[in-house]
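Since the structure is predicted, the reported quantities are computational estimates derived from the model, not experimental observations.
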Amino acid sequence: ALGKMDEAFVKRFGNELKLAKEGAVTGKFEHDMDKFYAESQLGLGSIIGVRDAFYDNAEHILGTSYSSARFSFLIALAGLIAVAAASAGLIVMVHRRVCRPIVDLTATMSRLASGDVSGDIAGAERGDEIGAMARAVERFLSDRRQLATTRSLLEAEQQRLTAIIDNTADSIVVLQGGRVLQLNRAAERMFGISNAQAADQPGDALLADFDWNPGAVPGIARDALALSRDGSTTPVEVSLNPVTSGTGSLVVLVIRAATL
């Protein structure tokens, strides 16, 4: 199109303009008006051809750019979808592999803190840090269960011994640091006072002028006077027995009425 414009407009129509200018000066025109008009139409046609070629080229460039942009957009969209899918999968994996086990361990620890040692520990079979945490909690749970079992056995044994002591005919008084720690039922009847009322009372409040020195041979019965709450006294025989326990040194008094 540019070559045609150069030939038809620049050269041929330009030459016609040159001849027209020379003719205007000399008064002699080599070409008539029809020739000039025809050459001008060819020149203008070549310019229109350049314009149309420019439009066609621009349309082609735009079409190519649009196709390229659309292709790039589709690639970017596909990449975005892939990243979103990978992120969603990663979130699900993190939730299943990390968040949920940690939440389960937290719930288990809360249950253990409340004293509930039932149930199993999930995740102990894992080989990562969460599995190590789960195994540590599992060992702690096993220790708590063993402790709970031992405590239950001790409580049962204590109840059995308490039942034996309470049903013993002799009065039994347990002292700690010189003060009453426990009375059995026979002692409650003898002293006219309940176990709760006698708690933390000095031993002298129960036995008047009693020699609290166990002597070289503990357990030998000695005479004493039992002081009842109503102020009366009862002659008794008292066996004083020092006992060492986990709660400290205790003194167990076995008291029997001297008249029996």
Side-chain angles (χ1 to χ4, degrees), residues 107-121 136-260:
T108 300
M109 292 301 294
S110 299
R111 192 176 73 248
L112 291 176
S114 65
D116 183 7
V117 295
S118 61
D120 297 325
I121 305 300
V137 174
E138 191 173 46
R139 288 192 294 271
F140 176 75
L141 177 60
S142 177
D143 293 341
R144 287 293 299 271
R145 287 172 175 169
Q146 185 175 1
L147 179 62
T149 301
T150 303
R151 182 183 292 114
S152 297
L153 293 175
L154 290 176
E155 289 176 351
E157 182 65 17
Q158 183 177 2
Q159 291 175 358
R160 188 178 71 84
L161 291 176
T162 300
I164 293 174
I165 292 174
D166 280 343
N167 291 281
T168 300
D170 292 334
S171 298
I172 297 178
V173 179
V174 181
L175 304 176
Q176 185 175 38
R179 293 186 173 275
V180 176
L181 182 65
Q182 184 178 357
L183 302 181
N184 73 343
R185 293 174 184 172
E188 288 179 332
R189 292 190 295 270
M190 174 177 287
F191 295 103
I193 189 172
S194 68
N195 183 55
Q197 292 170 334
D200 205 37
Q201 295 291 324
D204 291 334
L206 301 180
L207 297 173
D209 301 326
F210 183 70
D211 181 10
W212 295 99
N213 184 6
V217 182
I220 296 178
R222 64 186 73 180
D223 295 333
L225 290 176
L227 299 176
S228 180
R229 191 177 184 185
D230 60 6
S232 62
T233 59
T234 303
V236 294
E237 293 180 349
V238 180
S239 173
L240 189 150
N241 304 276
V243 176
T244 301
S245 69
T247 58
S249 296
L250 304 177
V251 173
V252 179
L253 305 177
V254 180
I255 307 171
R256 180 177 298 175
T259 57
L260 294 178

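- Across all their heavy atoms, Ala224 and Leu207 have their closest contact at CB-CD2, 4.5 Å.
- Asn167 pairs by the side-chain contact (heavy atoms from CB on, under 4.5 Å) definition with Ala163, Arg185, not counting sequence neighbours.
- With Ser171 contributing its side chain and Ala186 its backbone, the two residues share a donor-acceptor pair below 3.5 Å.
- The main-chain N or O of Asn195 is found under 3.5 Å from a side-chain atom of Glu188 such that the two form a donor-acceptor pair.
- Within a 6.0 Å sphere centred on CD of Gln146, other residues, nucleotides and ligands contribute 12 heavy atoms or fewer.
- What you find for Asn213 and Arg222 is that their closest heavy atoms are O-NH1, 2.9 Å.
- Between Val243 and Ser249, the closest side-chain pair of non-hydrogen atoms is not below 4.5 Å.
- The two residues Arg179 and Pro202 make their nearest non-hydrogen contact at NH1-CD, 3.5 Å.
- Using modelled atom types, one side-chain atom of Asn184 and one backbone atom of Asp170 make a donor-acceptor pair closer than 3.5 Å.
- The nearest pair of heavy atoms linking Ala187 to Ile172 is CB-O, 3.7 Å.
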Audit row: Trp212, Val238, side chain to side chain contact (heavy atoms under 4.5 Å, CB included) steps and yes/no: CA-CA 10 Å; Trp212 295 99; Val238 180; over 6 Å; no

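- Across every non-hydrogen atom of Met190 and Ala257, the tightest pair is CE-N, 4.3 Å.
- With sequence neighbours left out, Ser232 forms a side chain to side chain donor-acceptor pair (under 3.5 Å) with Asp230.
- Between Leu206 and Leu227, the closest side-chain pair of non-hydrogen atoms is not below 4.5 Å.
- Listed here is the closest heavy atom pair of Leu183 and Ser194: CD1-O, 4.1 Å.
- Shown are Leu175, Val252, Val251; of these, the side-chain contact (heavy atoms from CB on, under 4.5 Å) with Leu240 is made only by Val251.
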Does the side chain to side chain contact (heavy atoms under 4.5 Å, CB included) test come out yes or no for Ile255 and Phe191, once each step is laid out? CA-CA 11 Å; Ile255 307 171; Phe191 295 103; 3.8 Å; yes

